Protein chains: 2
Amino acid sequence: MKLSLTEENYLKAIYHLSDDSAEGVSTNAIAEELSTKAASVSDMIRKLSKKKVIDYQKYKGVQITEAGRKIALQIIRKHRLWEVFLVEKLSFNWDEVHDVAEQLEHIKSTTLISRLDEYLGFPTMDPHGDPIPDENGEIKESPQLPLSEFSENTIGIVVKVPDSDPSLLRHLDKIGMKLGSRIRVIEKVEFDNSALISIDQSKELYLSGEIAKNIMLAIKE
Amino acid sequence: MKLSLTEENYLKAIYHLSDDSAEGVSTNAIAEELSTKAASVSDMIRKLSKKKVIDYQKYKGVQITEAGRKIALQIIRKHRLWEVFLVEKLSFNWDEVHDVAEQLEHIKSTTLISRLDEYLGFPTMDPHGDPIPDENGEIKESPQLPLSEFSENTIGIVVKVPDSDPSLLRHLDKIGMKLGSRIRVIEKVEFDNSALISIDQSKELYLSGEIAKNIMLAIKE
DNA sequence: AAAATAATTTAGATATATCTAAAAATAAGT
DNA sequence: ACTTATTTTTAGATATATCTAAATTATTTT
C-alpha cells in the first residue's frame, strides 16, 4: 500500500483520534487536528476509504481498519525511533524533536528503520515516554498513573508527558524532570492539589496540580 | 528562500549539469536527468527563474545564479552527510545509500544538519569520495586522477567512484575496493589498458581499463 | 539560403490537495 | 414534532506538478 505524505498524515491523525473514544472519528475533529477545513477532510476521507485503510459512511464518521492501523503504527514507530536518535545521538532536547521527527517519519525504507532500531539498541519508548511499536505493530505498555493520583511516599518513574505543549516541556526541562526521572511524592497539599516531590533523589520542589495531572509515572514502589 | 521538494530536485539537477560544461544547461538535458518531459521542464524553469535561483532566456538554456548555487550546495551537503551516517553508523553498503539519502536530503532543519555534521566528526567526503561542502558552500577538493592514468609502481587512495551505477559499485564491493583503499599499480597491460593492482597491501588482481577509468585516486606516492 | 531536423515553448488536460460558499443531513432545544 | 443550530458534504475555484500534441524558434544539412 502506497500512501502520499498527506495521506499518511491524515491516517496518523485518525489513528490518534481513535484512541480518545470508541466512536467513529468526526470530520470536524480531523480538520481541527490537522488545522485544515472540513471540506478538505471530506475529500481525503473518500480517498482513504477507497484504499481500505478506513471505513466510512457519509455523515457517520470514520473508523480505522486493521490495515490502516498497521500502517499508522509503522509511521508512529518511525517517528518515535527518530526522536530517540535525535535526543540520544544528536543531543537534541526532548522539546525540540517533534517537528524534525514529523518530517523524518515519512522517509521510505524498511532497511533504514530496522538498522536504526538496532543502532539505538531496540528502545521501547521515545523521549516523551510513549511506547515504540515493533515491526508488527505490537505495543508493550507498562502500567502507569498521573503523578496527581500518586499518594504520599510512593515512587514512580516518569514515562510519559504530552509532547504537544512546548511551554510545558521547557518548564520540565528547567526543573530537571526528564523521561526516566525517579519521582517521590513527599507530601500532597489538599488546598490546591499541588505536591511536594523530589526528582532523582536530590532536588525537592512543589508541583502544581495542573502540571501533576499531565505527568504519567510508572508505578515503582 | 523556500523551495518545494520538486524545485529542490530541479535545482540540484541543474547544478550537477552545470559542471559538465560552461554553457547554459539545455531543457532537454534537464528532462533527461530527471526522467521527465521537456514541457514540464519549461514550466519549472520559469518558476525557478522568478525565484532568482537561475537565469533564463527563452530558447537559450539556463544558468544557475550564485543564490541558486548556494542552495544546491546545501542540499548536496545534506545528501552526503546522510550518506556518511548511513554507511558509518548504520552499516549500509556504499551502493545502497543513494535512494535513502535522496529522501533525507530534503529534511528541513539547520540544527539537525549541524548536529549531524558534528556527530559524524565533520567528515570532508562522502562514502563515494565526493567532497562535502561546508555550511557556507565551500568545497575543498584534493588533487586526483583516474586509476587508468597512474603509471606503474605508484600508489593512490580511492577518493571517488561514480555513485550512479549500482552494478559497478557492487563489483567494487565484491573485490574489496572501498573509499580510502590504498591502491598500488603493479603493472599496466598495454594490449587492453587493464592493470594489475593491489588493494590495501594484500589482494592482487587485474582491473579492466573500463573500470580503471572510473576510479579516481588521490596521488599518494 | 532554403529545406529539413531538432529543441523548446505554449496550449490545453489530468491528478492531487487545498479552499470558500452553498446545499444537505443530522443533532439539539423548546 | 418542529424549528434552529451544527455538522458534513458537494460544487466550483485555485495552485502545483505533471503530461500530450501542436506551434514556434534554433540549428543543421545540402
Side-chain angles (χ1 to χ4, degrees), chain A residues 1-14 17-18 20-64 68 71-72 75 102-103 105-106 108, chain B residues 1-14 17-18 20-64 68 71-72 75 102-103 105-106 108:
Chain A
M1 174 69 56
K2 245 193 306 191
L3 299 182
S4 74
L5 189 145
T6 314
E7 289 169 337
E8 286 196 352
N9 282 331
Y10 268 89
L11 192 60
K12 196 169 51 120
I14 292 167
L17 292 168
S18 299
D20 300 346
S21 78
E23 299 295 298
V25 180
S26 77
T27 304
N28 265 1
I30 299 168
E32 168 89 358
E33 174 83 8
L34 295 174
S35 304
T36 183
K37 297 297 152 71
S40 309
V41 176
S42 273
D43 288 344
M44 182 56 83
I45 275 174
R46 204 176 305 102
K47 275 182 63 186
L48 290 176
S49 175
K50 206 175 291 172
K51 295 195 176 186
K52 312 261 189 192
V53 294
I54 58 174
D55 284 326
Y56 159 68
Q57 289 166 273
K58 272 196 209 173
Y59 295 101
K60 299 292 181 190
V62 303
Q63 293 202 272
I64 198 160
I71 294 171
I75 301 168
E102 205 74 3
Q103 297 176 63
E105 73 187 7
H106 300 291
K108 261 101 183 161
Chain B
M1 175 67 57
K2 245 191 307 188
L3 299 182
S4 74
L5 190 146
T6 314
E7 288 169 337
E8 285 195 354
N9 282 332
Y10 269 88
L11 191 61
K12 197 169 51 123
I14 292 167
L17 292 167
S18 299
D20 300 346
S21 78
E23 301 294 300
V25 180
S26 78
T27 303
N28 265 0
I30 299 168
E32 168 90 358
E33 176 81 8
L34 295 173
S35 305
T36 183
K37 296 297 152 67
S40 309
V41 176
S42 275
D43 289 343
M44 181 56 84
I45 275 174
R46 206 178 302 103
K47 277 184 61 185
L48 290 177
S49 176
K50 206 176 292 171
K51 295 196 176 186
K52 311 262 189 196
V53 295
I54 58 175
D55 284 327
Y56 160 67
Q57 288 165 277
K58 271 195 213 174
Y59 294 101
K60 298 292 183 192
V62 303
Q63 293 202 272
I64 199 162
I71 295 170
I75 301 168
E102 204 75 4
Q103 297 176 63
E105 73 186 5
H106 300 290
K108 262 99 182 164

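Nothing here was measured: the structure is a model prediction, and the numbers come from that model. So you know, we letter chains A, B, ... as the sequences are listed, proteins then strands, and number each from 1.
- In terms of heavy-atom proximity, A:Leu11 sits nearest to A:Ala72 at CD2-N, 4.1 Å.
- Remark: side-chain polar atoms of A:Glu33 are not paired, donor with acceptor, to backbone N or O of A:Ile30 under 3.5 angstrom.
- A salt bridge links B:Lys51 with B:Glu7: the closest approach of a Lys/Arg side-chain nitrogen to an acidic carboxylate oxygen falls below 4.0 angstrom.
- When both pairing distances are held under 3.5 Å, D:dA23 makes a Watson-Crick or G-U pair with C:dT8.
- Computed from coordinates, the B:Leu34 CG to D:dT18 P distance equals 9 Å when rounded to whole Å.
- For B:Ser42, taking side-chain heavy atoms from C-beta onward, the closest of the listed nucleotides C:dT10, C:dC19, D:dT18 is C:dT10.
- As a whole-Å value, the separation of B:Ile30 CD1 from C:dT9 C1' is 14 Å.
- Here A:Ser4 does not reach the OP1 or OP2 of C:dT16: none of its side-chain N or O atoms lies under 4.0 Å away.
- Note on B:Thr6: every side-chain N or O is 4.0 Å or more away from OP1 and OP2 of D:dT16.
- With contacts defined as side-chain heavy-atom distances shorter than 4.5 Å, the pair B:Tyr59/B:Thr27 does not qualify.
- Residue B:Asp43 contributes atom CG, which lies 15 Å from atom P of C:dT8 at whole-angstrom precision.
- A:Arg46 has no side-chain polar atom (N or O) that falls below the 4.0 Å cut-off from OP1 or OP2 of D:dT9.
- For the segment residues 49-64 of chain B, the set of residues with a heavy atom within less than 4.0 Å of an atom of DNA chain C comprises B:Tyr56, B:Lys58, B:Tyr59, in numerical order.
- Contact annotation: B:Lys37 does not reach the phosphate of D:dT18 (side-chain N/O to OP1 or OP2, under 4.0 Å).
- In this model, the phosphate group of C:dT8 is approached by a side-chain N or O of B:Asn28 to a distance below 4.0 Å at OP1 or OP2.
- Atom NZ of B:Lys2 is separated from atom C1' of D:dT16 by 15 Å (rounded to the nearest Å).
- Contact check on A:Lys108 versus A:Glu8 returns a salt bridge, with a Lys/Arg side-chain nitrogen under 4.0 Å from an Asp/Glu carboxylate oxygen.
- Atom CG of A:Leu48 and atom C1' of C:dT16 are 13 Å apart (whole Å).
- Look at B:Lys12 and B:Glu102 and you find a salt bridge, because one of the NZ, NE, NH1 or NH2 atoms lies within 4.0 Å of a carboxylate O, short of that distance.
- In the set C:dT18, D:dT8, D:dT18, C:dT18 carries the atom at the smallest distance from any side-chain atom of A:Thr36.
- Of all nucleotides listed (D:dT18, C:dT18, D:dT9), D:dT18 comes nearest to the side chain of B:Ser40.
- If you take CD of A:Glu23 and P of C:dT26, they are 16 Å apart, rounded to a whole angstrom.
- Between the side chain of B:Ser18 and the backbone N or O of B:Ile14 there is at least one donor-acceptor pair closer than 3.5 Å.
- Among D:dT18, C:dT18, D:dC19, the nucleotide with an atom closest to any side-chain atom of B:Tyr10 is D:dT18.
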